[in-house]
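Index from 1, following the sequence. When reading the values below, keep in mind they use all heavy atoms of this one structure, side chains included, and skip hydrogens, waters and symmetry mates.
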Amino acid sequence: MGSAQMITRFGDNTAGLSKEALAELNRVYRSLSFEERIRRVYQDFPAEKIMVTSSFAATSAYFLHIISSIRPEQPVHFIDTGYHFDKTLEYKDYLIERFGLTVVDVKPDPDHHQVSLENRMWETDPDLCCQVNKVNPLEEAKENYDLWISSLMGWQTEHRAGLEVFEERRGMIKFNPMIDVTKEERDRYIAEHDLPFHPLVAEGYDSIGCSHCTFKGEGRDGRWKGNSKTECGIHL
C-alpha cells in the first residue's frame with residue numbers, strides 16, 4: 001500500500017498514523033531527494049494541515065528557497081522569543097521580501113517573557129527560558145496542524161543524527177526532509193542559487209539562536225556555551 005493510500009485511510013487525522021504507516025512513509029521517502037520529498041508531502045498530506053517553521057538562522061535561505069518555490073503560499077512560523085539578534089530580524093525581513101514569504105510570528109506569553117527577562121533566566125535556568133519563550137508558544141501554534149516540516153540535518157547534533165524522515169512527536173507527525181542532507185550538499189545548493197547566509201555567519205557564528213545564548217563557534221559549539229545543552233527543546 002502506498003503512502004498516499006495509507007493517509008487517505010486516516011482522513012484529516014494524520015496524527016493518528018500507526019507505527020506501520022510511519023515505517024512505510026519512511027521507506028517511500030527515504031530514497032527521494034530533499035526537494036522531491038517536499039513536493040511529495042504536499043501530495044500525500046492536506047496542505048492546510050501542514051506547518052512550516054524557520055528560525056531564519058545561519059542557512060535558512062536554503063530550506064525556505066525550496067519551500068517557497070514549491071508552495072509559495074505556505075505560511076512560515078517564526079518563534080519570536082524577543083531575544084533575537086537584530087541581524088536575525090534583518091535577515092528575516094530580507095528573505096521575506098526576496099522569496100515573497102508569508103511569515104507568522106509566534107510569541108511567548110508577555111507576562112512569562114517578562115519574568116524570564118527580569119530573572120535573566122537564560123543564565124539561571126536556560127532550559128526553562130527555552131520552555132517559556134520557544135517550546136510553549138510553538139506547542140500552542142501546532143494545535144491547528146497535523147504535520148510539521150522542520151529543517152533539521154543529521155550532522156548538526158548527535159540527537160538529530162538519530163532521527164528519521166518521519167517521526168511522531170508530541171501527538172503530531174514531524175517531517176524532517178533535510179535530515180540526511182550533507183553540509184556539502186547544502187553549501188553547494190546555496191552557491192548554485194546565490195542564496196545569502198545569515199550575516200553573522202561571516203563573523204564566525206555557525207549556529208544562531210537567541211543573542212544571550214549564541215557565541216562564535218563551529219557547528220553547535222557556540223550555542224549555550226559552557227553548558228551541556230545542545231537543543232532548545234522544540235525538537236525533543
message = I need the minimum non-hydrogen distance between E185 and V181, along with the two atoms involved.
response = OE1-CA, 3.4 Å
message = Do H198 and T88 pair up side chain to side chain, a donor and an acceptor below 3.5 Å, judged on atom types alone?
response = yes
query = Going through the distances and angles, do R186 and L195 end up as a side chain to side chain contact (heavy atoms under 4.5 Å, CB included)?
reply = CA-CA 11 Å; R186 180 203 67 180; L195 300 179; over 6 Å; no
ask   = When the ring centroid of H113 is compared with that of Y83, is the distance short of 6.0 Å?
value = yes
note = Closest heavy-atom pair, L138 versus V106, reported as atoms and distance to 0.1 Å, is N-CG1, 4.1 Å
message = Taking salt bridge (charged side-chain N to carboxylate O under 4.0 Å, His left out) as the definition, give me every residue that meets it alongside E36, ordered by chain and number, with sequence neighbours left out.
response = none
query = So F166 and F175, would you call those rings parallel, tilted or perpendicular, with 30° and 60° as cut-offs?
reply = parallel
task = Please report the closest heavy-atom contact between P177 and D180, naming both atoms and the distance.
result = O-OD1, 4.2 Å
ask   = Minimum heavy-atom separation for F197 to D187, with atom names?
value = CZ-OD1, 4.1 Å
ask   = So, are E90 and K87 salt-bridged, with charged N and O less than 4.0 Å apart?
value = no
ask   = Would you say the side-chain atoms of D125 pair up with the backbone N or O of M121, donor to acceptor, closer than 3.5 Å?
value = no
message = Please check this pair: side chain of N176 against backbone of S150, looking for a donor-acceptor N/O pair closer than 3.5 Å.
response = no
task = Check the side chains of Q131 and N136 for a donor-acceptor pair under 3.5 angstrom, ignoring hydrogens and angles.
result = yes
query = Would a distance-only check, ignoring hydrogens and angles, find a side-chain to backbone donor-acceptor pair under 3.5 Å from Y91 to P196?
reply = yes
P108 to N133 - nearest heavy-atom pair and separation = CG-OD1, 3.4 Å
Aromatic ring proximity F56/H84, centre distance under 6.0 Å = no
inquiry  = Does the plane of the ring in H212 sit parallel, tilted or perpendicular to the ring in W122? Use 30° and 60° as the thresholds.
reply    = parallel
message = Holding to salt bridge (charged side-chain N to carboxylate O under 4.0 Å, His left out), I want the full list of residues that pass it with K107, two or more places apart in sequence or in another chain.
response = none
ask   = Between T214 and S211, is there a donor-acceptor pair closer than 3.5 Å when you use the side chain of the first and the backbone of the second?
value = no
key: Check: V41 main-chain N/O paired with Y29 side-chain donor or acceptor under 3.5 Å   = yes
